[in-house]
Every structure is written in C-alpha cells, then in structure tokens.
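Only a predicted model underlies this, so the values are computations on that prediction, with no experimental measurement involved. Labels below follow one simple rule: chain letters A, B, ... track the order of the sequence lines, proteins then strands, and each chain is numbered from 1.
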There are 2 protein chains.
Amino acid sequence: MAKAKDAKNLDTSTGEKIKEAARKVFIKKGYAATRTRDIAEEAGINLALLNYYFRSKERLFQEVMSEKFQQLFSVIQPVINNEDLSLEEKVEILVENYIDLLLENQDLPLFVLSEIRVHPERFKQAVQVQKILKGSSLIRQVREKRPDIDPIHFVVSLLGMVIFPFVAKPILFASDSVFNEMMQERKRLVAQWIKAILKS
Amino acid sequence: MAKAKDAKNLDTSTGEKIKEAARKVFIKKGYAATRTRDIAEEAGINLALLNYYFRSKERLFQEVMSEKFQQLFSVIQPVINNEDLSLEEKVEILVENYIDLLLENQDLPLFVLSEIRVHPERFKQAVQVQKILKGSSLIRQVREKRPDIDPIHFVVSLLGMVIFPFVAKPILFASDSVFNEMMQERKRLVAQWIKAILKS
DNA sequence: AAATATTTTAATCAAATGATTAAAATTATA
DNA sequence: TATAATTTTAATCATTTGATTAAAATATTT
C-alpha cells in the first residue's frame with residue numbers, strides 16, 4: 001500500500017490538513033457560507049483532494065460537526081454521572097470545566113447551536129443528550145434536594161449562566177481582555193449562585 | 001404618481017409581500033443559505049421585483065435584520081430605564097415580558113446572534129446596546145445593592161436564564177408543549193432566583 | 001528495475017445564483 | 001382619451017460553486 005499512515009504523518013497528512021482547515025472555515029463562516037475552495041486554500045491543497053478524501057462538502061462537514069458536538073458534551077457527561085460527587089461538587093466542577101472549555105473554544109456553542117437550528121434533522125445525537133441528561137445522577141440529586149421544582153430548570157439555569165455570555169459576547173462585551181477576566185470571576189459566582197437557588 | 005401607497009394597500013403591497021417573505025425565509029435558513037428565488041417564490045412574485053424594490057439581497061436582509069435586532073431590544077430598553085420601577089419590579093417585568101416575546105418569536109435570538117457571529121462588522125448597533133445598558137437605571141440600582149460584584153454579571157445571568165432555553169431548545173427539550181409549559185413556569189422561577197442571588 | 005497502486009494536479013462540467021435588461025402590462029396624469 | 005410614469009414579466013448574463021475526469025506525479029510492491 002502507498003498510504004502515508006505512519007505515526008509521524010498522522011497529524012500532517014493531507015486528510016488531516018483538510019480537516020483542520022475545514023474546522024477553521026466551517027466554524028468561522030458556518031456551513032452555508034463556506035466554499036469548498038476556501039477550505040482547499042486554507043489547507044494549501046488542490047480542490048479535488050477535498051472530494052478525493054471526503055467525498056463531498058456535506059460529509060466533511062458531518063465529520064467536523066460530529067467532533068464539535070461531542071466536544072461540547074464530553075465535558076459534561078463524566079461529571080453529571082459521577083456517583084462519587086455530591087450535588088454541590090458537581091455544580092462547582094461543571095461550571096469550572098465548562099467555562100475553561102468555552103474560553104478555549106469561544107465559537108463552539110453558537111456554531112453548533114446555529115447549525116442545529118437550521119438543520120435539526122441532521123442531529124439525531126441531540127435526542128441522546130436528552131436521555132443521558134434525564135437519567136443522570138445529577139438530575140436525581142437535584143430532584144432529591146428540590147422535589148418541588150422540575151430539575152431541568154436548574155440545569156438550564158446553570159448552562160444558561162455559563163454558555164450565554166459566550167453567545168452574546170459580541171453584543172454585551174467590549175474587549176476580549178475584559179471578557180476573559182469577567183469569565184474567570186464568573187466561575188466562582190455561577191457556582192455560588194446555583195448552590196444558592198438550590199437552597200432558596 | 002402611480003405608486004400604490006394608499007392605506008388599504010400598505011400591508012399587501014408588493015414591497016411588503018417581499019419583506020414578509022424575506023422575514024420568513026431569512027429567519028428559517030439564515031442569510032447565506034437563503035436564495036433570492038426562495039423569497040420570490042414565498043412572496044409569489046417575479047424574482048426581478050426583489051431587486052426592483054430592494055436593490056439587492058444584501059439590502060433586503062439589512063432591512064429585515066435591523067427590524068429584528070430592534071425587536072429583540074425594544075422590550076428591554078423602556079424597562080431598564082424606567083426610574084419609577086424598583087430593582088425587583090424591573091426584574092419581574094423584564095423576565096415576564098422577555099419570555100412572552102420569545103415564546104412568540106422563538107427563532108429570534110439564535111437568528112440574530114448567529115448572523116452577528118458571522119458578520120460582526122455589520123452590527124454597529126451592538127455598540128449602542130452596550131452603552132445604553134451600561135448607563136441604565138437598572139445597572140445603577142444593581143450597583144447600589146451589590147457594590148461588591150460587577151453588575152453585568154447579574155444582567156448576563158438574567159438574560160442567560162431567559163434566553164438560553166430558546167437557544168438550546170432543539171437539544172434540551174422534546175416537545176413544544178412541554179417547552180411552552182416549562183417557560184410559563186420559568187417566569188416565576190427566574191424572577192425569584194435573580195432576586196435571591198441579588199441578596200446572597 | 002518493472003509493474004502496480006495511490007496521490008495530486010489542471011482543466012472542465014453542469015447547475016445554481018444574484019442581478020440586469022428590454023419589452024409588456026398596468027396605473028396615473030394631463 | 002392620449003401621454004407619461006410605474007410596475008411586472010420573461011429571458012438572459014456573468015459568476016460562483018460543488019464535483020468530476022483524465023492525465024501526471026509519487027510511492028509501494030513484486
């Protein structure tokens with residue numbers, strides 16, 4: 001075989017170069033505004049190679065999106081189902097980890113959410129998220145502590161307080177440095193506030 | 001003159017038919033995925049009329065977006081600057097009014113936010129929102145009550161708790177009816193919770 | 001080294017797309 | 001009613017776009 005799949009080529013192979021360029025361009029422009037030529041140029045490869053390696057723009061996008069969707073939930077899943085953590089510990093870790101993830105990938109939430117909005121049919125993974133969440137240790141612990149309120153309200157509040165600033169950043173925040181400092185401060189505040197409303 | 005600008009034609013005129021179709025299609029698909037032919041078909045008019053009345057796809061979009069951007073903030077502005085309302089009253093009214101607005105226009109936040117993300121340069125209006133917010137009566141009242149915390153944290157939390165469910169709806173909620181009931185219940189909860197964390 | 005398989009390139013296609021044009025139809029004005 | 005202005009239509013343009021093809025270049029196997 002002539003395929004360059006040796007260890008040292010795994011991260012610089014043509015396929016990976018294309019995928020990395022696709023991540024960058026798809027996330028920056030969204031699916032519809034992205035031209036396969038943009039990706040090819042960004043990757044420094046011939047346009048035909050994109051189709052040679054990934055068949056179509058659509059399939060390349062699916063690979064990128066599937067990866068980004070997972071990235072968005074892989075931080076949550078191990079925490080919300082860790083039976084060894086108390087409810088308050090879960091809240092603290094979730095907030096801290098999620099803000100750190102989003103600070104490193106600020107366009108992630110809006111990229112995923114806006115593509116889902118336009119093409120909900122492509123995201124059957126979303127149904128699974130609902131199931132995993134519903135059956136999680138976190139939800140059970142919240143229900144025990146506050147049987148009077150649907151636990152999803154607390155989860156939505158936590159996620160809203162953490163994710164929304166990233167989604168509304170262009171409207172609400174002036175500079176990057178102000179935003180970043182604010183989000184560091186916010187780790188402590190959101191954890192504190194969620195714990196407070198769980199008691200209220 | 002031959003223009004049909006009589007009162008009875010104002011809402012069914014060709015220009016308004018095009019604009020209404022543009023609202024529908026742009027919001028459903030986003031700018032990049034929208035074809036001017038989609039809008040023409042939706043409006044039941046000849047494609048050339050779109051350019052005759054609005055010059056270009058770009059200009060038609062600007063009109064629609066400007067309208068929708070305003071819609072998203074016109075509910076807030078009068079409340080946050082009403083000197084006659086106490087902080088707690090402002091919180092209650094903001095939450096109630098905003099949830100009602102978004103229940104009637106569920107795609108509004110994600111439509112506006114995702115277009116801003118992809119084309120931030122087109123939204124100079126966003127800077128004004130920051131100014132108006134910063135100088136609002138609401139911010140002053142929050143600062144008085146909690147001088148220890150940057151008031152923007154509270155505003156972001158309120159907006160996050162209210163807007164995020166609409167943004168994450170396809171992922172977090174199964175059916176429309178469940179969602180709508182949940183959001184009605186949420187009016188009371190978010191108001192209560194924001195008031196609580198203002199005291200914590 | 002020769003033969004074979006894989007990767008890369010330049011050229012090209014067909015369809016889609018935003019926009020324009022010139023003529024026809026309609027409406028308003030004189 | 002005749003004339004002028006406005007609106008609407010069908011046809012067409014020039015680009016753009018995703019994808020393909022056939023040949024060239026490179027790497028692998030025998």
Enumerate, atom names and distances included, each donor-acceptor pair closer than 3.5 Å involving a side-chain atom of residues 151-168 of chain A, sequence neighbours excluded.
| from | atom 1 | to | atom 2 | distance (Å) |
| --- | --- | --- | --- | --- |
| A:H153 | ND1 | B:R186 | NH1 | 3.1 |
| A:H153 | NE2 | B:E185 | OE1 | 3.3 |
| A:S157 | OG | A:H153 | O | 2.9 |
| A:S157 | OG | B:R186 | NH2 | 2.9 |

Rounded interatomic separation in angstrom, taking [atom1] from [X] and [atom2] from [N]:
X	N	atom1	atom2	answer
A:N51	D:dA19	CG	P	5 Å
B:K57	D:dT15	NZ	P	19 Å
B:F54	C:dG18	CZ	C1'	16 Å
A:Y53	C:dT8	OH	C1'	8 Å
A:Y52	D:dT20	OH	P	14 Å
A:F61	D:dA19	CZ	P	14 Å
B:I18	D:dT7	CD1	C1'	11 Å
B:K29	C:dT17	NZ	C1'	13 Å

Only distances under 3.5 Å count here; give the side-chain donor-acceptor pairs of residues 188-200 of chain B to other protein atoms, sequence neighbours excluded, each with its distance to 0.1 Å.
| from | atom 1 | to | atom 2 | distance (Å) |
| --- | --- | --- | --- | --- |
| B:K195 | NZ | B:E92 | OE2 | 2.6 |
| B:S200 | OG | B:I197 | O | 3.2 |

Using atom types as modelled, flag every donor-acceptor pair under 3.5 Å from a side chain in residues 107-120 of chain A to any protein atom, sequence neighbours excluded.
| from | atom 1 | to | atom 2 | distance (Å) |
| --- | --- | --- | --- | --- |
| A:S114 | OG | A:L110 | O | 2.3 |
| A:S114 | OG | A:F111 | O | 3.4 |
| A:E115 | OE2 | A:Y31 | N | 2.8 |
| A:R117 | NH1 | B:I27 | O | 2.5 |
| A:R117 | NH2 | B:I27 | O | 2.9 |
| A:H119 | ND1 | A:E121 | OE2 | 3.2 |

Checklist entry - In residues 30-50 of chain A, which ones come under 4.0 Å of DNA chain D, going by heavy atoms? => result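 Under 4.0 Å from DNA chain D: A:T34, A:R35, A:T36, A:R37, A:L47, A:A48.
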Next on the checklist: Can you list everything that forms a ring pair (Phe, Tyr, Trp, His ring centres under 6.0 Å) with A:F69? Sequence neighbours excluded, please.
Outcome noted: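 A:F69: ring pair (Phe, Tyr, Trp, His ring centres under 6.0 Å) contacts with A:F73.
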Next on the checklist: Using the ring pair (Phe, Tyr, Trp, His ring centres under 6.0 Å) criterion, which residues pair with A:F173? Sequence neighbours excluded.
Outcome noted: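 Checked A:F173 against ring pair (Phe, Tyr, Trp, His ring centres under 6.0 Å); matches are A:F179.
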Checklist entry - Are there more than 12 heavy atoms of other residues, nucleotides or ligands under 6.0 Å from atom CD of A:Q77? => result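 Counting neighbours around CD of A:Q77, 12 or fewer heavy atoms of other residues, nucleotides or ligands fall under 6.0 Å, so no.
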Checklist entry - Just to confirm, is there a sub-4.0 Å distance from OP1 or OP2 of D:dT8 to any side-chain nitrogen or oxygen of B:T14? => result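 The answer is yes; a side-chain N or O of B:T14 sits under 4.0 Å from OP1 or OP2.
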